[in-house]
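Accompanying notes for the structure given below.
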Amino acid sequence: MQDSSNIASYTQNHSLDNKEIERYGRQLITPDIGVQGQMLLKAAKVLIVGAGGLGCPVALYLAAAGVGMLGIVDYDTVEIGNLHRQIGHRESSTGVPKCESLAAQIKELNSLVETKTFNTVFTSDTAIDIIKQFDIVVDASDNVATRYLVSDACVLTKKPLVSGSALKWEGQVTVYNYNNGPCYRCLFPVPPPAETVTRCSDGGVLGPIVGVIGSLQALETIKIINNNPQNGVLSGRLMIYDGLAAVFRTVRIRSKQASCQVCGDNPTITQLIDYTQFCRSNYSESAGKVEDRVEKEKILTVDQYNDILKSSTKHILLDVRPKNQFEICSLPNSFNIPIEDIDKEDSIEKINVWVKDDQLPVYLLCRRGNKSQDAVESICKKIDSKFHSQLKHIKDGLLGWAESIDPSFPIY
Ligand SMILES: Nc1ncnc2c1ncn2[C@@H]1O[C@H](COP(=O)(O)OP(=O)(O)OP(=O)(O)O)[C@@H](O)[C@H]1O
Ligand SMILES: [Zn+2]
């Protein structure tokens, strides 16, 4: 039997200690990782923006792999409705800041990893100072304003950015600002109109989808850290995963644009701007109130609608959410015509019966009061103008109803 001084000497001339060899053994023997790759991981500092559906798998896999320092930015707290996909949190962490909750799980998984938490909104004021402390940034956020902010900040600080997104059954991943590749702005010089952006809170998302995309983001990060020229880092290419069809596709995307406002030849953006103004949306997927787009006369508040209900005034309540959302919960006596079907012939026929034959007001309802405005506009194009005044949309929708009138309404 050997004494412990002999055992210690096995590794004294090597860079990894016994415990690290034991922990990372399967990873160490993987081609192209080795001691050198493990040392690079140990020395790496990675910032993850968002500790939600994508951020959780990214953080857990990078921690498990032995990335030396993980930074986590998130302003939100854990809710029960997060747990179906945000698997770095626990029921017992409900109400706890997400970055603290995730850092605690990282510690339990691999106590060798250091964490730095930023329980704050990542904004133009904070981004550069935070990013400067790291080598690579992972965008695991869920809104357009943050995507532009993170991308611009990475260009200005010269950091590679591993970007992911997921919605419903699909997800995408790519790497920006790496080895002369494009940045987010090269691809999308102008943001999409705020009202056209589908959110996870409207469209839904499955846990395994964010799990796949987050895992791919972690893998691209490991490849960037590994810095092997043979590695096919996903720069200038976009990997798209369609989970429903079980298909992965990788497509070429625009290369770096000489005309890009931030990474091009003559950049006009040399410091961070106001991204909420630029995108006309918040640094949050769901917090923003929907702007009024229809005339005042066509708007009904949830309080006004509640008064109508109390006074038993006859009316039609028309919910324009998708059928599957209507089936989860709805207000009593409401009809459902999904927005996609609203200007179809039989829908308009039905609405005409309500406004013309029955002479009833029709109140349009959706989750947040966005699609119900579209519905009013679409219907007005199809019915006689003398009935237009009978149409109103309910501002703030069912979220407003749950907030101001009936907190027991099970809105998701
Ligand atoms: N600018 C930002 N600063 C800090 N954290 C951000 C910023 N933008 C997004 N995030 C965080 O990114 C995470 C994205 O996670 P995810 O998409 O799973 O959704 P979520 O906001 O928890 O969703 P929901 O509330 O709809 O269930 C959230 O935890 C959110 O707080
Ligand atoms: Zn660019």
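Scope of the values below: all heavy atoms of this structure, side chains included, with no hydrogens, waters or symmetry mates. Atoms within each ligand, like the ligands themselves, are counted from 1 in listed order.
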Pair Gln304-Lys392, side-chain donor/acceptor within less than 3.5 Å: no

If we set the cut-off at 4.0 Å for heavy atoms, which region of Thr120 has an atom near ligand 1: side chain, backbone, both, or neither? backbone

Close side-chain approach of Cys56 to Leu102, heavy-atom, < 4.5 Å: yes

Do Asp274 and Thr276 have side-chain atoms, one donor and one acceptor, less than 3.5 Å apart? yes

Mark up the atoms of ligand 1 that fall under 4.0 Å of a heavy atom belonging to Gly53, in ascending order. 15 (O), 16 (P), 18 (O)

With a cut-off of 4.0 Å, which atoms of ligand 1 are near a heavy atom of Asn82? 22 (O), 27 (O)

Within ligand 1, which atoms have a heavy atom of Arg85 less than 4.0 Å away? 16 (P), 18 (O), 19 (O), 20 (P), 22 (O), 23 (O), 24 (P), 27 (O)

Give the atoms of ligand 1, by number and element, whose distance to some non-hydrogen atom of Asn143 is under 4.0 Å. 8 (N), 9 (C)

For Gln86, atoms of ligand 1 separated by under 4.0 Å from a heavy atom: 16 (P), 18 (O), 19 (O), 20 (P), 22 (O)

Give the numbers and elements of all ligand 1 atoms closer than 4.0 Å to a heavy atom of Ser141. 8 (N), 9 (C), 12 (O)

Just so I know, are the side chains of Ile351 and Lys382 near enough to count as touching, which here means a heavy-atom distance under 4.5 Å? no

Looking at every heavy atom in both Ala145 and Cys279, which two are closest together, and how far apart are they? CA-SG, 3.6 Å

Mark the output for Ala145 as yes if a heavy-atom distance to ligand 1 is under 4.0 Å, and as no if none is. no

Can you name the atoms of ligand 1, numbered from 1 with element, that are less than 4.0 Å from a heavy atom of Gly50? 11 (C), 12 (O), 13 (C)

Taking the six-membered ring for Trp, are the ring centroids of Tyr184 and Tyr176 within less than 6.0 Å of each other? yes

May I ask you to list the atoms of ligand 1 that are less than 4.0 angstrom from any heavy atom of Lys98? 20 (P), 22 (O), 28 (C), 29 (O)

For the residue pair Asn306 and Trp401, establish whether any side-chain heavy-atom pair is separated by less than 4.5 Å. yes

Using the Zn ion (ligand 2) as the vertex, how large is the angle between SG of Cys186 and SG of Cys260, rounded to 10 degrees? 110°

What one should report as the nearest heavy-atom pair of Asn226 and Asp32 is OD1-O, 2.9 Å

Below 4.0 Å from any atom of ligand 1, is there a heavy atom belonging to Val210? no

Exercise: do Asn110 and Tyr24 side chains pair donor with acceptor under 3.5 Å: yes

Judged by non-hydrogen atoms, does Glu79 sit under 4.0 Å from ligand 1? no

